[in-house]
K.L.:
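One structure coming up, written as structure tokens, with questions to follow.
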Amino acid sequence: ILLGQMNKPRTMILIAEQNIGQEWNAWWWGGAHAQQTDMAIVENTLMDKFTEKGFEMIDHEAAAGQIKVTAAYNVQDLSASQARTLGNQASAEVVIFGKALAKLQGNVGSLQSVQANLSLKAVRTDTGQVLATATTNAPAVHINEITAGNDALKKAATNAAEQLMTKILASYSKEVGGTKSVNITVNGLNKTQFVQFKDLFRSKVRGIKDIHERSFNNSVAKVSVDVKGTAQTLSDEISLKDFGSCTVEVTASTANSLEL
């Protein structure tokens with residue numbers, strides 16, 4: 001129900017993973033280091049856990065035609081900005097990105113001991129808001145070191161999935177039950193007009209609790225608005241509202257932002 005109230009944000013996973021026996025991290029958006037889907041233990045585990053909870057996940061293989069990876073993005077350590085760009089190309093509202101590493105720790109009798117370390121972050125692709133972070137580690141032992149690595153990575157990913165989902169759902173619940181922040185870019189006003197526009201906006205548009213000015217430069221203003229509802233309901237309200245002599249038009253929108 002909660003995910004439905006949030007319009008079922010679509011989530012994509014971007015994880016560079018290195019298991020026992022691999023010389024380097026592998027990542028599906030790479031070139032020479034691209035990994036096979038069945039080798040992506042962490043990604044597959046996260047996909048399964050999030051899907052079980054009702055999250056709408058984007059399969060990167062299905063979205064491959066939409067994603068254009070230039071040389072600048074063929075790296076294991078994606079920045080938040082790079083992850084957001086790739087996620088936006090696949091029409092994802094949320095992207096989970098980070099790194100996973102399994103390392104051999106030694107022997108436990110006749111068994112191989114492996115430790116997996118995982119660091120992930122979930123951000124909104126339109127605003128860059130960090131929804132959740134997770135850092136986990138997990139051990140595993142097996143007579144076969146690669147199997148031990150698989151088991152350790154799966155355990156670490158399962159723990160990370162629980163952490164991420166708990167934090168993401170808590171954030172969504174807070175927004176549904178109270179106010180959420182919508183980023184708005186306003187074009188075509190000088191500073192005096194913008195000040196007047198803010199006053200008009202507060203008085204005319206229902207659901208607005210507060211307006212925070214972020215920047216103003218060359219007739220382009222950026223604000224974040226605390227609103228009761230969603231960016232979509234705010235967009236509808238603006239589109240239907242009569243602002244008198246001031247013409248206000250929504251020219252672009254995402255799940256968490258508007259452009260006027």
K.L.:
Within the side chain of Lys103, is there an N or O that forms a donor-acceptor pair under 3.5 Å with the backbone of Val114?
P.N.:
no
K.L.:
Examine the side chains of Asn7 and Gln232 and answer whether a donor and an acceptor come within less than 3.5 Å of each other.
P.N.:
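Side-chain D/A pair, Asn7 to Gln232: absent.
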K.L.:
About how many Å separate NZ of Lys222 and CZ of Phe216, when rounded to the nearest 0.5 Å?
P.N.:
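Answer rounded to 0.5 Å: 12.0 Å.
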K.L.:
Go through the steps to decide whether Val220 and Thr185 satisfy the test side-chain contact (heavy atoms from CB on, under 4.5 Å), and finish with yes or no.
P.N.:
CA-CA 7 Å; Val220 178; Thr185 301; 3.7 Å; yes
K.L.:
How far apart are the closest heavy atoms of Ile20 and Ala102, and which atoms are they?
P.N.:
CD1-O, 3.4 Å
K.L.:
Distance check, rounded to the nearest 0.5 Å: Ile146 atom CD1 versus Asp151 atom CG?
P.N.:
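Output value for this atom pair is 12.0 Å.
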K.L.:
Apply side-chain contact (heavy atoms from CB on, under 4.5 Å) to Ile96 and Met12, showing your working.
P.N.:
CA-CA 6 Å; Ile96 297 171; Met12 189 170 77; over 6 Å; no
K.L.:
Report yes or no: does Thr125 contribute a side-chain atom to a donor-acceptor pair with the main-chain N or O of Ala92 at less than 3.5 Å?
P.N.:
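Such a contact is found between Thr125 side chain and Ala92 backbone.
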K.L.:
Can you find a heavy atom in the side chain of Val42 that is under 4.5 Å from one in the side chain of Ile13?
P.N.:
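No, every pair of side-chain atoms sits at 4.5 Å or beyond.
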K.L.:
Is it the case that over 12 heavy atoms from other parts of the model lie below 6.0 angstrom from the NZ atom of Lys198?
P.N.:
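Enclosed: over 12 neighbouring heavy atoms sit under 6.0 Å from NZ of Lys198.
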K.L.:
Using a 3.5 Å distance criterion without hydrogens, assess whether the side chain of Lys241 forms a donor-acceptor pair with backbone atoms of Lys204.
P.N.:
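Yes; judged by distance alone, with no hydrogens or angles, the pair exists.
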K.L.:
So do Glu17 and Lys99 actually touch side chain to side chain, heavy atoms under 4.5 Å?
P.N.:
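SC-SC contact between Lys99 and Glu17 ruled out.
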K.L.:
Say whether Ile238 and Leu240 are linked into one hydrophobic cluster, either directly or through other cluster members, by side-chain heavy-atom distances under 4.5 angstrom.
P.N.:
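Ile238 does not cluster with Leu240.
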K.L.:
Decide whether Ile41 and Leu101 are clustered together by the hydrophobic rule: side chain heavy atoms of Ile, Leu, Val, Met, Phe, Trp, Tyr closer than 4.5 Å, transitively.
P.N.:
no
K.L.:
Does the side chain of Val95 come within less than 4.5 Å of Thr11's, by heavy atoms?
P.N.:
no
K.L.:
Which value, rounded to the nearest 0.5 Å, describes the distance between Leu46 atom CG and Leu118 atom CG?
P.N.:
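Answer for the CG-CG pair, Leu46 versus Leu118, is 7.0 Å.
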K.L.:
Measure the shortest side-chain to side-chain distance between Trp28 and Ile15 over non-hydrogen atoms and say whether it is less than 4.5 angstrom.
P.N.:
no
K.L.:
Please report the interatomic distance CZ(Arg124) to OG1(Thr254), rounded to the nearest 0.5 Å.
P.N.:
9.5 Å
K.L.:
Enter the distance from Thr45:OG1 to Asn159:CG here, rounded to the nearest 0.5 Å.
P.N.:
11.0 Å
K.L.:
For the residue pair Ala152 and Ala138, what are the closest heavy atoms and their distance?
P.N.:
CB-O, 3.5 Å
K.L.:
Where is the tightest heavy-atom contact between Val108 and Ser113, given as atom of each residue plus distance?
P.N.:
CG2-CB, 3.8 Å
K.L.:
Please check if atom NZ in Lys154 has more than 12 non-hydrogen atoms from other residues, nucleotides or ligands closer than 6.0 Å.
P.N.:
no
K.L.:
Output the distance between atom CD1 (Ile211) and atom CD1 (Ile184), rounded to the nearest 0.5 Å.
P.N.:
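So the CD1 of Ile211 and the CD1 of Ile184 are separated by 7.5 Å.
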K.L.:
Salt bridge check, Glu56 against Lys8: does any charged N sit closer than 4.0 Å to a carboxylate O?
P.N.:
no
K.L.:
Check whether the side chains of Gln112 and Asn107 place a donor and an acceptor atom closer than 3.5 Å, and report yes or no.
P.N.:
yes
K.L.:
Ignoring hydrogens and angles, tell me if any N or O in the side chain of Arg84 forms a donor-acceptor pair with the backbone of Asp126 under 3.5 Å.
P.N.:
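Yes.
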K.L.:
Are side-chain heavy atoms of Pro9 and Tyr172 found at a separation under 4.5 Å?
P.N.:
yes
K.L.:
Show your reasoning for whether side-chain hydrogen bond (donor to acceptor under 3.5 Å, both in side chains) applies to Asn183 and Asn256.
P.N.:
CA-CA 6 Å; Asn183 289 354; Asn256 306 287; over 6 Å; no
K.L.:
Any side-chain donor paired with an acceptor under 3.5 Å for Ser224 and Arg214?
P.N.:
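Yes - a donor-acceptor pair under 3.5 Å links their side chains.
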K.L.:
Answer whether the closest heavy-atom distance between the side chains of Arg10 and Val94 falls below 4.5 Å.
P.N.:
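Sidechains of Val94 and Arg10: no contact.
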K.L.:
Is there a path from Met57 to Leu131 through hydrophobic residues (I, L, V, M, F, W, Y) whose side chains come within less than 4.5 Å of each other?
P.N.:
yes
K.L.:
Which atom names give the shortest non-hydrogen contact between Gln115 and Pro139, and what distance separates them?
P.N.:
OE1-CB, 3.8 Å
K.L.:
Give me the atom names and distance for the closest heavy-atom approach of Glu145 to Leu104.
P.N.:
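Distance-wise, the nearest heavy atoms are OE1-CD2, 3.7 Å.
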K.L.:
Look at Glu213 together with Lys191 and state whether they make a salt bridge at an N to O cut-off of under 4.0 Å.
P.N.:
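Yes, this pair counts.
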K.L.:
Hey, any chance Leu200 and Leu258 share a hydrophobic cluster, counting ILVMFWY side chains that come within less than 4.5 Å of each other, even indirectly?
P.N.:
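They do share one cluster, since a chain of ILVMFWY contacts under 4.5 Å joins Leu200 to Leu258.
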K.L.:
May I ask whether Val176 and Leu3 are part of the same hydrophobic cluster, defined by side-chain heavy atoms of I, L, V, M, F, W, Y residues being less than 4.5 angstrom apart, directly or through others?
P.N.:
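Yes, it is one cluster - the side chains of Val176 and Leu3 are joined through contacts under 4.5 Å.
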K.L.:
Do the side chain of Ser235 and the main chain of Ala231 share a donor and acceptor less than 3.5 angstrom apart?
P.N.:
no
K.L.:
Should we count NZ of Lys53 as having more than 12 external heavy atoms under 6.0 Å?
P.N.:
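12 or below, so no.
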K.L.:
Apply side-chain contact (heavy atoms from CB on, under 4.5 Å) to the pair Val227 and Thr179, showing each step before the final yes or no.
P.N.:
CA-CA 5 Å; Val227 61; Thr179 60; over 6 Å; no
K.L.:
Can you confirm whether Leu78 sits close enough to Leu86 that some side-chain heavy atom of one is under 4.5 Å from a side-chain heavy atom of the other?
P.N.:
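Yes, at least one pair of side-chain atoms sits under 4.5 Å.
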K.L.:
Kindly say whether Thr230 contributes a backbone atom to a donor-acceptor pair with the side chain of Thr233 at under 3.5 angstrom?
P.N.:
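Checking the backbone N and O of Thr230 against the side chain of Thr233, a donor-acceptor pair under 3.5 Å is found.
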K.L.:
Report the C-alpha distance between Phe50 and Ile168 in whole Å, list the side-chain angles of each, state the deciding distance to 0.1 Å, and finish with yes or no for side-chain contact (heavy atoms from CB on, under 4.5 Å).
P.N.:
CA-CA 11 Å; Phe50 272 77; Ile168 291 171; 4.2 Å; yes
K.L.:
Check whether any side-chain heavy atom of Phe97 sits under 4.5 Å from a side-chain heavy atom of Leu120, and report yes or no.
P.N.:
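Contact flag for Phe97/Leu120 side chains = no.
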K.L.:
Can you tell me if His142 and Asn150 form a side-chain donor-acceptor pair at under 3.5 Å?
P.N.:
no
K.L.:
For Thr135 and Ser119, work out which heavy atoms get closest and say how close.
P.N.:
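Answer, listing the atom of Thr135 first, then Ser119: OG1-OG, 3.9 Å.
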